[in-house]
Every structure is written in structure tokens, then in C-alpha cells.
There are 2 protein chains.
Amino acid sequence: MKEDLPQFNSTFSIDCVVFGFDEGELKVLLIERNEEPFKDWCALPGNLVRVDESLDQSASRILKELTGLGDIFMEQYYTFGDVQRHPQGRVISIAYYALLRLGGDKALKPLTSYAKKAFWKNVSDLPKLAFDHQMIFEKGLEKIKRRIKHQPIAFELLPEKFTLTQLQNVYELIIGKKLDKRNFRKKMLSFGVLKELDEKQKGVSFRAAMLYKFDRRKYAKLFGKEISF
Amino acid sequence: MKEDLPQFNSTFSIDCVVFGFDEGELKVLLIERNEEPFKDWCALPGNLVRVDESLDQSASRILKELTGLGDIFMEQYYTFGDVQRHPQGRVISIAYYALLRLGGDKALKPLTSYAKKAFWKNVSDLPKLAFDHQMIFEKGLEKIKRRIKHQPIAFELLPEKFTLTQLQNVYELIIGKKLDKRNFRKKMLSFGVLKELDEKQKGVSFRAAMLYKFDRRKYAKLFGKEISF
DNA sequence: AATATAGTGTGTATTTACTACACTAAGTAA
DNA sequence: TTACTTAGTGTAGTAAATACACACTATATT
């Protein structure tokens with residue numbers, strides 16, 4: 001059974017649920033497998049953990065190979081270890097979610113070196129996934145839904161400079177309901193973690209909105225006070 | 001290196017942070033190791049995962065061996081995988097916390113079949129721990145601190161029947177600050193997940209308090225509404 | 001028997017946070 | 001210059017969280 005797997009000293013793998021926000025949609029990065037098992041199926045990007053790397057390093061490596069980017073916001077959230085989850089033997093998978101800035105300038109395309117095909121899919125329109133990746137995805141989505149309510153992770157999905165409307169869109173998408181614009185702004189600004197820039201949105205065919213950025217210093221000063229929606 | 005370890009097909013282990021509440025203190029269950037490495041050191045209870053059991057099953061088994069009890073509240077919370085964390089080779093450890101009803105009647109003693117010694121220690125007074133167990137413990141404590149603010153896990157630390165004062169004690173201990181008694185009661189009762197019994201505390205040298213129990217049915221009906229402190 | 005202690009049990013006023021809601025201003029395109 | 005689209009703002013009512021004061025019960029100590 002195990003002989004089919006590449007030679008690493010143990011069989012644990014990392015799987016990543018990579019979220020991105022673009023064109024008002026929440027997307028997730030999938031690959032198409034070109035090996036058995038589940039050849040030609042869609043799957044979450046992942047790989048075996050090498051003997052000489054930590055779990056976080058392994059996840060970073062996978063993301064780097066996949067996107068070409070380093071320094072991506074990423075967190076381990078659960079480990080899946082059902083006996084039957086991999087048809088060729090016992091493989092335990094440590095799952096990470098990652099949040100990626102897609103918006104605006106550079107429309108990020110996954111690298112083809114990593115897999116035959118890699119592409120963004122709207123979270124509300126996923127194909128069937130290989131292994132137990134459906135479950136891994138769902139648990140990941142649930143986690144960021146919970147987390148966004150208490151911690152400032154929405155910014156990780158937006159470009160450096162963003163408008164309050166974009167920010168609100170991210171919240172609405174992830175939480176899954178509409179928010180009142182005035183209340184949203186009031187509350188968001190009241191946390192004091194946003195910096196208003198002297199700059200406006202460009203290239204839009206209507207009144208340009210003010211740009212803001214997330215101010216990590218100010219956030220650090222809050223020290224545990226919750227930002228919550 | 002790896003040859004020193006027992007023969008399981010892969011080297012994953014489970015480590016458990018078992019919390020208990022007794023005599024107004026939050027305690028954690030430790031063992032004294034009687035094998036190398038870290039012979040005679042204190043450590044968190046844990047064991048290797050068997051090929052034919054899932055992670056949850058493995059954690060349940062360890063808890064059963066340790067306490068003799070089944071059906072313990074327990075949750076996986078993080079996986080530790082630094083390359084150097086085990087001196088004899090690469091061992092990835094999946095960490096669980098468990099909450100145990102110690103209070104009142106049966107003062108739970110850990111079974112000696114599991115380890116030479118096993119004992120309860122006050123969380124604020126821990127000895128040095130083997131491996132990276134200090135970190136595993138700290139992360140576990142952090143997790144339940146967070147969780148108790150949003151989900152009804154405090155009940156898992158109390159006997160079936162408990163008083164509101166006991167419940168408040170648990171909250172204060174875990175959250176780490178004093179709460180106003182009247183407000184605590186009002187808020188706690190307003191969630192509607194407690195059932196007042198026709199029964200009072202016994203064997204106390206002062207006015208006996210009303211007993212309550214947590215009503216799982218009512219809680220299930222809330223469906224996502226948060227209980228929060 | 002008096003007193004100190006430690007716990008239960010209720011009521012109310014104040015402050016704070018949440019919600020609902022509609023218009024004007026600015027920029028673009030035709 | 002007009003039509004269109006999105007940005008941006010304030011207030012009032014309601015609900016929730018907090019802070020606070022007192023009365024009652026039972027026991028232990030002197």
C-alpha cells in the first residue's frame with residue numbers, strides 16, 4: 001500500500017485552503033490532479049511534509065510553489081486523520097487556510113509549475129473534490145467565518161489600500177449577510193485601526209472613494225480588545 | 001534514530017491537556033515519565049496513534065486508559081510539528097484538550113496502570129515539562145480561555161448538578177477576572193440553557209444554594225446564537 | 001447570646017452599544 | 001447640462017451591559 005507514495009519518512013501531508021477576494025466574490029484555489037489516486041479530479045493544493053521542515057515551513061513552501069509569493073497570511077486550523085481518508089494508506093493531513101490579496105492591480109494567476117492546472121473557483125460553486133477535501137474546505141470556511149468576527153483578518157484579503165465599501169463587501173461575503181453602511185463605517189472606524197490616506201480610488205466611472213489602510217501599529221496597541229461584528 | 005521508538009507505521013502522537021476544576025482551582029493532569037527520553041520528568045499524558053484508529057479515537061483511548069472514564073468532553077486544537085521537538089526523531093503531535101468533572105462526589109484519581117505516577121497540578125503552579133509540553137499546555141489553556149467566552153464548555157468542568165456560584169467561579173478562574181454576581185446570574189439565566197432543579201446543595205455550613213443543570217436540548221435549539229461573556 | 005463570616009437572592013438607574021432609516025455631494029459619461 | 005452611480009453623513013429609539021445597595025440565611029466562634 002504505502003509503496004505507492006513518494007519516499008518521505010512518514011506520511012503526513014499539508015492541505016491548504018487558499019482564499020482570495022476578487023470581483024466581489026470569495027474564491028478558493030484548486031488544482032486538477034494529474035496522478036492517481038483521483039487522477040483528473042479537483043483537489044485542494046497540498047503536499048507531503050518533508051523530514052527537515054516544520055509544518056508552517058511546509059505550508060509556506062506549498063504556497064510559494066503555487067503562487068510565487070512569500071509572506072502570505074496563513075494559519076493551521078485542523079488535522080484530519082481518519083483511517084480511511086487516503087485510499088493508498090494512512091495519511092494524516094494538517095490543514096491550513098491562507099488569505100491572499102488578489103484585488104486591484106495584479107490579478108494573481110497560480111503557477112503552472114505546481115500542477116498541470118490550478119485555478120480560482122467561487123466558493124459557492126465548487127466541483128466535487130478528491131479525498132475528504134470537501135470536508136477540509138468546509139471546516140476551513142467555517143473557521144474564517146468565526147475568526148473574521150473577532151479578529152482583523154479581512155484586511156488580508158484586500159490590497160494594501162482599499163475603500164470602506166470594499167471592506168464591507170468582504171465582511172458581507174464571509175459572514176453571509178448584508179450590513180448597514182453607516183453602522184459598518186461607524187463601528188469599523190471606531191476601532192481606530194484604519195488609517196485614512198490622502199488618496200482616492202482611481203479608474204472608476206463614478207465618484208471615487210477615499211482609500212484606507214490597516215494600521216498594524218494601532219492594532220497592536222489594542223492588546224486583546226476585540227474587534228467584533 | 002527512529003529505531004528507538006515502538007513499531008507503529010508512522011510517528012504521530014496525541015498529547016492531552018486534561019483540565020479539571022476542584023476546590024476552586026483549575027487543575028491539569030500530569031504524568032511522571034518512566035522511560036527515556038526525559039525519564040522522571042513531568043509530562044502531559046499522550047501516546048502514539050495506532051494504525052487502525054482515528055485521531056479522536058486515539059485521544060479517547062488515552063483518556064480512558066488514564067481516567068477509566070469514557071465520554072469525556074474533548075477537542076483537537078493544534079498540531080505541533082517542529083523538526084526538533086522530539087530528540088529521537090521526527091514526531092508530530094496532535095494536541096487535544098479535555099474537560100473533566102472532578103467536583104463534588106467522586107474525587108477522580110488517575111489510574112496507575114497508565115503511568116508510574118499521574119496526578120493533578122494547579123495550572124498556576126506547574127513544574128518543568130518534558131519535550132515542548134510547556135508550549136502545548138499554554139496553547140491549550142489559551143484555547144479554552146477563548147472558547148469559554150463563546151461556547152458553553154464551563155459545564156463540562158462541573159458536576160451534573162451545580163450552583164450558580166460554582167459556575168461563576170469557573171468562569172472567573174478561566175477568564176481570569178472577577179465578575180459581578182448579579183449581572184452574571186442575570187446574563188447566564190437569560191440564555192435559557194440552564195434548568196433549575198427542585199433541589200438544594202447539601203452538606204454546606206451555610207445557606208444551601210439552588211442546584212442547576214445544563215440543558216443540552218435547549219442549547220441545541222439556540223442554533224448558533226452565541227453565549228458570550 | 002452576640003458577632004463575624006460567607007453565601008444566596010432580588011431591583012433599579014446609568015451608560016453603552018445596536019439598529020433603523022434617507023438624504024446630499026461628487027464624479028463620470030453621454 | 002443632464003442623468004446616473006456611488007460616496008458619504010447624523011440622529012433617535014431601543015436593547016443590552018454594567019454598576020451599585022440592601023435584605024436574608026445559615027454556620028462558626030467567642
Side-chain angles (χ1 to χ4, degrees), chain A residues 23-24 103-104 148-150 158-159 161-173 175-213 222 224-229, chain B residues 21-25 103-104 148-150 152 158-159 161-173 175-213 222 224-229:
Chain A
E23 294 164 15
I148 201 177
K149 288 196 179 168
H150 306 288
L158 289 170
K161 300 169 183 180
F162 52 84
T163 70
L164 291 179
T165 303
Q166 288 172 327
L167 184 60
Q168 187 176 344
N169 285 341
V170 171
Y171 271 88
E172 289 177 345
L173 255 183
I175 296 174
K177 65 180 182 194
K178 289 280 169 195
L179 301 169
D180 179 87
K181 184 164 58 161
R182 275 164 292 192
N183 296 335
F184 178 83
R185 282 163 187 248
K186 204 189 316 174
K187 196 165 172 179
M188 187 52 79
L189 292 172
S190 77
F191 295 134
V193 299
L194 293 185
K195 187 173 180 178
E196 186 176 328
L197 304 173
D198 287 333
E199 207 182 334
K200 291 191 173 179
Q201 214 177 8
K202 274 170 196 159
V204 287
S205 70
F206 43 78
R207 176 176 170 182
M210 220 53 185
L211 291 171
Y212 290 79
K213 68 183 206 184
L222 293 187
K225 262 182 214 161
E226 287 210 339
I227 283 186
S228 77
F229 267 87
Chain B
F21 172 72
D22 198 19
E23 296 165 12
E25 304 279 2
I148 201 177
K149 288 196 179 169
H150 306 289
L158 289 169
K161 301 170 182 179
F162 52 83
T163 69
L164 292 179
T165 302
Q166 288 171 327
L167 185 60
Q168 186 176 346
N169 284 342
V170 171
Y171 271 88
E172 289 178 344
L173 254 183
I175 295 173
K177 66 179 181 197
K178 289 280 169 195
L179 302 169
D180 181 89
K181 185 167 56 166
R182 294 166 287 259
N183 296 332
F184 178 83
R185 284 165 184 251
K186 207 184 312 171
K187 195 164 172 181
M188 188 50 79
L189 292 172
S190 77
F191 295 135
V193 300
L194 292 185
K195 187 173 180 179
E196 186 176 326
L197 303 173
D198 286 333
E199 208 183 331
K200 290 191 172 178
Q201 216 178 8
K202 275 170 194 158
V204 287
S205 70
F206 43 78
R207 175 175 168 184
M210 221 50 188
L211 290 171
Y212 289 80
K213 68 183 207 184
L222 293 187
K225 263 181 212 159
E226 286 211 340
I227 284 185
S228 75
F229 270 88

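So that the names make sense, note that chain A is the first sequence line, chain B the second, and so on, each numbered from 1.
- When all heavy atoms are compared, the tightest approach of A:Lys149 to A:Ile175 is CE-CG2, 4.2 Å.
- To the nearest 0.5 Å, atoms CD1 (A:Ile227) and CD1 (A:Ile148) are separated by 11.0 Å.
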Please lay out, stage by stage, how A:Leu179 and A:Tyr171 fare under the test side-chain contact (heavy atoms from CB on, under 4.5 Å).
CA-CA 8 Å; A:Leu179 301 169; A:Tyr171 271 88; 4.0 Å; yes

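- Going from atom CE of A:Met210 over to atom P of C:dG27 covers 11 Å, rounded to whole Å.
- Considering all non-hydrogen atoms of both residues, A:Leu197 and A:Met210 come closest at O-CE, 3.3 Å.
- Near DNA chain C, defined here as any heavy-atom distance below 4.0 Å, the residues from residues 178-185 of chain B are B:Lys181, B:Arg182, B:Arg185, listed numerically.
- Judged by the 6.0 Å distance and 45° axis criteria, B:Lys213 is not positioned over the aromatic ring of B:Phe162.
- Between the base of C:dA26 and the side chain of A:Arg207 there is no donor-acceptor pair shorter than 3.5 Å.
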Determine, for nucleotides 12-17 of chain D in 5'-to-3' order, which nucleotides have protein heavy atoms under 4.0 Å from the base (write B), from only the sugar-phosphate (write S), or from neither (write -).
------

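- Taking atom CD of residue B:Gln201 and atom P of nucleotide C:dG7, one finds them 10 Å apart after rounding to whole Å.
- Taking each heavy atom of A:Asn183 and A:Asp180 in turn, the nearest pair found is N-OD2, 3.0 Å.
- Atom OH of A:Tyr212 is separated from atom P of D:dA7 by 12 Å (rounded to the nearest Å).
- Of the possible polar contacts, one joining the A:Lys187 side chain to the A:Ser228 backbone as a donor-acceptor pair under 3.5 Å is found.
- Of all the heavy atoms in B:Leu173 and B:Gly24, the pair that sits closest is CD1-O, 3.4 Å.
- Evaluated for a side chain to side chain contact (heavy atoms under 4.5 Å, CB included) with B:Tyr212, the options B:Leu167, B:Val193, B:Leu189 yield exactly one hit, B:Leu189.
- For the contact set between residues 162-170 of chain A and DNA chain C, defined by any heavy atom under 4.0 Å, there are no members.
- Looking at A:Gln201, its side chain does come within 3.5 Å of a backbone N or O of A:Ala209 through a donor-acceptor pair.
- Residue A:Lys200 is in sugar-phosphate contact alone, with no base atom involved, counting any heavy-atom pair closer than 4.0 Å across all strands shown.
- Between A:Ser205 and B:Ala208, the residue anchored nearer the 5' end of DNA chain D, judged by the nucleotide with its closest heavy atom, is A:Ser205.
- Here the shortest heavy-atom pairing between A:Lys161 and A:Gln166 reads O-OE1, 4.5 Å.
- Atom-to-atom, CG of A:Leu211 to P of D:dT6 comes out at 17 Å; the value is rounded to the nearest Å.
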